[in-house]
Enquirer: 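For reference, the structure I am asking about is given below.
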Amino acid sequence: SAVISQKPSRDICQRGTSLTIQCQVDSQVTMMFWYRQQPGQSLTLIATANQGSEATYESGFVIDKFPISRPNLTFSTLTVSNMSPEDSSIYLCSVSRSGEQFFGPGTRLTVL
Amino acid sequence: QQQVKQSPQSLIVQKGGISIINCAYENTAFDYFPWYQQFPGKGPALLIAIRPDVSEKKEGRFTISFNKSAKQFSLHIMDSQPGDSATYFCAASMNSGGYQKVTFGTGTKLQVIP
């Protein structure tokens, strides 16, 4: 398995501001993933982050809106930029290990 | 395009009953089918998974049935308990650029009543 922590666990932000979410894994992993889960909805992959290279974004998500850093094999950040109420969601960090995908507890973001 | 369809959206089952959640997929390139359980305020946790060369997998009270020709799979929870009340997501994954890319179903909110 994998132990994944995220900070902050929740936040309330004002429109137009930015929030950076941190993800820490208990041991080294090659790939880290960021998902969005809108209220009562399924999980949508935002991007895949590989250490040492630029993140790969899914259709509908762009780097200017969701910049990602991956400075080492156990840590990643996702920034939600220029937030609007439509960005209110749970943001989940995930890693793949031995073919299985494991999730962090999520960051619940509310944008006013 | 929703590649993994899940039903029902919500389910209420009496304690001790059987909970059944169904999923269907379209892309035959999918080669791994996990189920996740999510409690409020928590991230999804892997519950059980199956590969398409197996028709059934059982772990305790949880069983996956898989029908490759119909491109359907289902989760059965036997002797359902109030502690099983959660949202369940089926998923399908395939190798994409060296990693398993996962597509999730829409989720089923299960409530087990005493």
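Note on naming: letters A, B, ... go to the chains in the order of the sequence lines (proteins, then strands), and numbering restarts at 1 for each one.
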Enquirer: Select one option (side chain, backbone, both, neither) describing which atoms of L43(A) are under 4.5 Å from chain B's heavy atoms.
Expert: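 For L43(A), heavy atoms of backbone and side chain both lie under 4.5 Å from chain B.
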
Enquirer: Please step through ring pair (Phe, Tyr, Trp, His ring centres under 6.0 Å) for the pair F33(B) and F66(B), ending with a clear verdict.
Expert: CA-CA 9 Å; F33(B) 300 88; F66(B) 189 87; 4.7 Å; yes

Enquirer: For chain A, which residues from residues 35-48 of chain B have at least one heavy atom closer than 4.5 Å to it?
Expert: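 Hits under 4.5 Å: Y36(B), Q38(B), G41(B), K42(B), G43(B), P44(B), L46(B).
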
Enquirer: For the side chain of K15(B) and the backbone of Q81(B), is there at least one donor-acceptor N/O pair under 3.5 Å apart?
Expert: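 It does not hold such a pair.
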
Enquirer: Treating S94(A) as the side-chain partner and F102(A) as the backbone partner, does any N or O pair qualify as donor plus acceptor under 3.5 Å?
Expert: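 Confirmed, S94(A) side chain pairs with F102(A) backbone.
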
Enquirer: So which of K101(B), Q100(B), K109(B) has the largest heavy-atom pair count under 4.5 angstrom toward chain A?
Expert: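 Winner by heavy-atom pair count: K101(B).
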
Enquirer: Begin with the C-alpha distance, continue with both residues' side-chain angles, and end with the deciding distance and a verdict on side chain to side chain donor-acceptor pair (under 3.5 Å) for T20(A) and T79(A).
Expert: CA-CA 4 Å; T20(A) 295; T79(A) 299; 2.8 Å; yes

Enquirer: With a 4.5 angstrom heavy-atom cut-off, which part of Q6(A) approaches chain B: side chain, backbone, both or neither?
Expert: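 For Q6(A), there is no contact with chain B at all, as no heavy atom is under 4.5 Å.
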
Enquirer: With chain B, which of R10(A), E100(A), Q41(A), R108(A) has the greatest number of heavy-atom pairs at distances under 4.5 Å?
Expert: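 Maximum pair count with chain B is reached by E100(A).
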
Enquirer: Under the ring pair (Phe, Tyr, Trp, His ring centres under 6.0 Å) criterion, do F33(A) and F103(A) qualify, and how do the steps go?
Expert: CA-CA 9 Å; F33(A) 307 88; F103(A) 289 86; 8.8 Å; no

Enquirer: Within the side chain of R61(B), is there an N or O that forms a donor-acceptor pair under 3.5 Å with the backbone of I77(B)?
Expert: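 No; zero donor-acceptor contacts below 3.5 Å.
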
Enquirer: Would the number of heavy atoms belonging to other residues, nucleotides or ligands and lying under 6.0 Å from CD of E56(B) be above 12?
Expert: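 Yes, because the 6.0 Å sphere around CD of E56(B) holds more than 12 heavy atoms from other groups.
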
Enquirer: Are K68(B) and D53(B) within salt-bridge range, i.e. N to O under 4.0 Å?
Expert: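 Looking at K68(B) and D53(B), the cut-off is not met.
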
Enquirer: If you count heavy-atom pairs under 4.5 Å with chain B, which of T48(A), T30(A), I4(A) comes out on top?
Expert: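 It is T48(A).
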
